[in-house]
Amino acid sequence: MRWINLFHANLRKEYIELKRYLPNTIAMVATFYFIFLGLFAGIQFIGDPSSAEANTQYLIVNYVFWFLGLMVIQTIGWEITNEAMRGTLEQLYMSPMGVWRIMAARLASSVVLNIMIITVLLFVTMATTGQWLNIDIITIIPILILTIISMMGVGFMIAGISIIWKQVSAFLQILQFVLAGLTFISVKQAPFLVYFPFVKGVDLVRDVMINGVSLSQIGIADFGILFGNAIFYFVLGLIIFILCERIAMRKGLLAHY
Amino acid sequence: MKPIIEVKNVNKAYKKRRSKECVQAVDNVSFSVQKGEILGLLGPNGAGKTTTIKMICGLLVPDSGTIEISGIDNTKHRLRALKHISAVLEGNRNLYWRLTVRENLEYFAGNRGKSRKEVKERVEQLLHDFRLKEKEKELVNRLSRGMQQKLAIAVSMLAESDVILLDEPTLGLDVETGYEVRELLKSIVKEYERTVIISSHDMDVIQDICDRTVIINKGKVVTDDKIENLMRLFEVKSYIFNLGGLLTDQQLELLQNRFTEMTYTPDTIYSTIEVDLFQNEAIYELFDILKMENTPVESFDRVTVNFEQVFMKIVNGGEKICVG
Ligand SMILES: Nc1ncnc2c1ncn2[C@@H]1O[C@H](COP(=O)(O)OP(=O)(O)OP(=O)(O)O)[C@@H](O)[C@H]1O
Ligand SMILES: [Mg+2]
């Protein structure tokens, strides 16, 4: 129950902020819409018409994964730095729930809201272009969730580091490109990448969307890797985050001083 | 009765980021707080008040020593100990400025695992008690400084924790608003029956609200006593002598050697000496020195001290003062 209340409070805060900063939110939604439109149209003109749908799907999946991945990786670090600057971080640290739970709840809320926005926009784009993609949501959702969990782990690592070093924005910028690169690399080209967070998930979703693989056809082994990956990175991320918290509490780094 | 907060031999040093030199912010501090008590943590700038409070809150880990809250060691079981405390550390900076008054209250309750329904009644009560009801839909960044401060305190009251820590609750407020917040604190603290620790360098706040005060200076506890005892101590021992003439240099030197905390205001018609007399013999010695030159004593009286003067004396005196 405490977990649900925590999640609900953070979901509400994220929602209030989306509503309160309506111009921002509208700009974000518009950007998404135009990128989707661009992706749909671009493929139509350039590509081979017979593979147009597969290509469109490929690009959209990559784009959505890249966007969500980046958001998940950056959000916790960004929120923590921001709250430290404003003076609310110590208040969060006074909660008996622990900051990692609050941050996980906040991130989960923002992922849920963003997925909702993206899904709606995708359908709107399909309606405007009259081009209906065949999206197997039932198969994609579990893959997406597991991928996001492993990305959260990376997000916690970065957040931990940012508590101590404060300035990680330059590092995050590089990460953005690394991540963009990773979405386009197939596991077949570089098999060791399955042990990275993120890559296996994108690969599986690609299979689902382009080759029409469905949930029941994905092997236990593939899901096993994805699942193991999610648990491993999430736990590792959390351990690093909590270690960094401890260091910060020893050195007095939670407040701006 | 076992105290609700027990601070034992706590030390904390900071390393300065650039120069690498160490600052001993808290130096072997021990004190305890009983349930229901309102304790004032008093000290000049840089004395270590904030550091002490943050260690009690579990935001800073002591280098050595232990802090127990309701018998729970707060470095070993941080989250469990936190169930018993809440705090206002940086006043209005502890709030979300882009949320409304009510949203702030509800969000912080949610972060402690409570639902909006669970806290509904308490939120109403607090909005009423803190006179924030008609501002409940206002964004925090539109509130006055005093209102923000009140809201921050209300947020800390919402948690229903046994202990509330307030670091400098009137800092940065103008005289009038400071007074208002003080009055509010006074009534709320009594009404809500919490254990409270207030840090401040504002003597009026401490004298007004607290039962007992721990005075720290340069990281060390210099005094730990009931405020009325401290007042009485200095009230009884501080005297002012009105003289019908000047002291000679020799007299002055003797007096200054004997009474370190003496102030002499020379005037040809009406000089005064202010002096602390801790033992009875001291007063005879003083008269002996005056008698040397037959200096006329027009009158003498006990000095009525305020808490500020007591505080200054304790802090500047340096050495530990034992009472009782
Ligand atoms: N995070 C920090 N890093 C380094 N030094 C610090 C830090 N926090 C406090 N100090 C130093 O430790 C000493 C005690 O500071 P502290 O903030 O506890 O005092 P205070 O009694 O709260 O003072 P004030 O009345 O100014 O708030 C000071 O010398 C201060 O410069
Ligand atoms: Mg302070």
Side-chain angles (χ1 to χ4, degrees), chain A residues 1-22 24 79 82-106 109 163-166 242-257, chain B residues 12-17 23 25 50-51 53-55 57-63 75 77-100 103-104 106-119 139 152 155-156 159 161 164-165 167:
Chain A
M1 204 55 210
R2 283 165 67 213
W3 281 83
I4 295 170
N5 293 337
L6 180 67
F7 177 73
H8 186 244
N10 281 284
L11 183 65
R12 196 152 171 273
K13 178 171 180 285
E14 295 293 309
Y15 172 69
I16 290 169
E17 278 169 0
L18 279 182
K19 226 174 47 179
R20 199 146 293 156
Y21 296 93
L22 206 56
N24 269 347
E79 295 269 312
N82 196 33
E83 300 233 354
M85 225 163 58
R86 296 230 171 114
T88 40
L89 184 63
E90 288 184 310
Q91 259 329 296
L92 296 188
Y93 268 96
M94 294 291 300
S95 163
M97 300 293 285
V99 165
W100 74 267
R101 288 192 187 87
I102 296 176
M103 285 300 152
R106 206 179 276 183
S109 315
I163 295 180
I164 295 177
W165 279 286
K166 312 282 185 215
I242 289 170
L243 274 175
C244 290
E245 274 184 344
R246 281 269 130 181
I247 295 173
M249 284 174 190
R250 262 176 222 296
K251 295 194 174 173
L253 301 176
L254 286 185
H256 63 108
Y257 179 76
Chain B
K12 183 80 208 170
Y14 292 108
K15 246 199 207 87
K16 283 258 154 75
R17 270 205 161 170
V23 185
T50 302
T51 307
I53 284 191
K54 284 189 179 173
M55 285 192 288
C57 292
L59 296 170
L60 262 178
V61 181
D63 297 337
T75 50
H77 310 282
R78 204 180 87 85
L79 294 183
R80 243 178 61 206
L82 280 180
K83 284 189 185 159
H84 298 274
I85 49 180
S86 50
V88 182
L89 295 163
E90 297 192 59
N92 62 348
R93 293 190 69 242
N94 280 177
L95 301 167
Y96 289 95
W97 286 37
R98 298 162 166 201
L99 296 182
T100 65
E103 285 162 358
N104 262 285
E106 287 172 350
Y107 180 64
F108 281 109
N111 265 346
R112 290 184 80 108
K114 301 219 180 306
S115 72
R116 273 204 286 161
K117 264 212 204 92
E118 266 175 271
V119 294
L139 290 183
V155 168
S156 74
S161 45
I164 293 169
L165 295 110
D167 192 16

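What you see below is based on every heavy atom in this structure, not just the backbone, and it leaves out hydrogens, waters and symmetry mates. Lettering follows sequence order; numbering is per chain, from 1.
Within the 4.5 angstrom heavy-atom criterion, only side-chain atoms of B:F108, from C-beta onward, approach chain A. If you measure heavy-atom distances from B:T75 to chain A, the contacts under 4.5 Å come from the backbone alone. For A:F7, no part sits under 4.5 Å from any heavy atom of chain B, backbone or side chain. Contacts of B:K114 with chain A are made by backbone atoms alone, with heavy-atom separations under 4.5 Å and no side-chain atom involved. There is no contact between B:R80 and chain A, counting heavy-atom distances below 4.5 Å. The parts of B:T100 that come within reach of chain A are both its backbone and its side chain, each placing non-hydrogen atoms under 4.5 angstrom from that chain. Heavy atoms closer than 4.5 Å to chain A are found nowhere in B:V155, neither backbone nor side chain. Proximity to chain A is limited to the backbone of B:S86, based on heavy atoms less than 4.5 angstrom apart. If you measure heavy-atom distances from B:I85 to chain A, the contacts under 4.5 Å come from both the backbone and the side chain.
With chain B as partner, the option from A:L89, A:I16, A:L254 having the largest number of non-hydrogen pairs under 4.5 angstrom is A:I16. Per-residue counts of heavy-atom pairs under 4.5 Å with chain B were compared for A:L92, A:I102, A:L253; the largest is that of A:I102. Contact count versus chain A (heavy atoms, under 4.5 Å) is highest, among B:K83, B:E90, B:E103, B:E106, for B:E103. No other option in A:M94, A:E245, A:M97 has as many heavy-atom pairs under 4.5 Å with chain B as A:M94. If you tally non-hydrogen atom pairs under 4.5 Å between each of A:S95, A:P96, A:A248, A:G98 and chain B, the highest count goes to A:P96. Between chain A and the residues B:R116, B:M55, B:K54, the largest count of heavy-atom pairs under 4.5 Å involves B:R116. Across A:R250, A:R106, A:R12, A:R246, the residue that shares the most heavy-atom pairs under 4.5 angstrom with chain B is A:R12. Of the listed residues A:Q91, A:R2, A:H8, A:K251, the one with more heavy-atom pairs under 4.5 angstrom with chain B than any other is A:Q91. The candidate from B:R93, B:E118, B:R78 with the greatest count of non-hydrogen atom pairs under 4.5 Å with chain A is B:R93.
Considering every non-hydrogen atom in both B:I164 and B:S156, the closest pair reads CG2-OG, 3.8 Å. Taking both residues in full, the closest heavy atoms of A:N10 and B:Y107 are given as OD1-OH, 2.5 Å, listed atom of the first, atom of the second, then distance. Nearest heavy atoms, B:D167 versus B:T50: OD2-OG1, 2.9 Å. Nearest heavy atoms, B:A152 versus B:V88: O-CG2, 3.3 Å. Nearest heavy atoms, B:V61 versus B:K12: O-NZ, 2.7 Å. Nearest heavy-atom pair across A:E14 and A:S109 is CG-CB, 3.9 Å.
The backbone N or O of B:A159 sits nowhere less than 3.5 Å from a side-chain atom of B:R112 that would complete a donor-acceptor pair. A donor-acceptor contact shorter than 3.5 Å links the side chain of B:N94 to the backbone of A:G87. Using modelled atom types, one side-chain atom of B:W97 and one backbone atom of B:N92 make a donor-acceptor pair closer than 3.5 Å.
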(message) With side chain to side chain contact (heavy atoms under 4.5 Å, CB included) as the criterion, how do B:L95 and A:T88 come out once you've worked through the C-alpha distance, each side chain's angles and the decisive distance to 0.1 Å?
(response) CA-CA 6 Å; B:L95 301 167; A:T88 40; 5.7 Å; no

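Annotation for A:Y15: atom OH does not count as buried by contact number, only 12 or fewer foreign heavy atoms lying within 6.0 Å.
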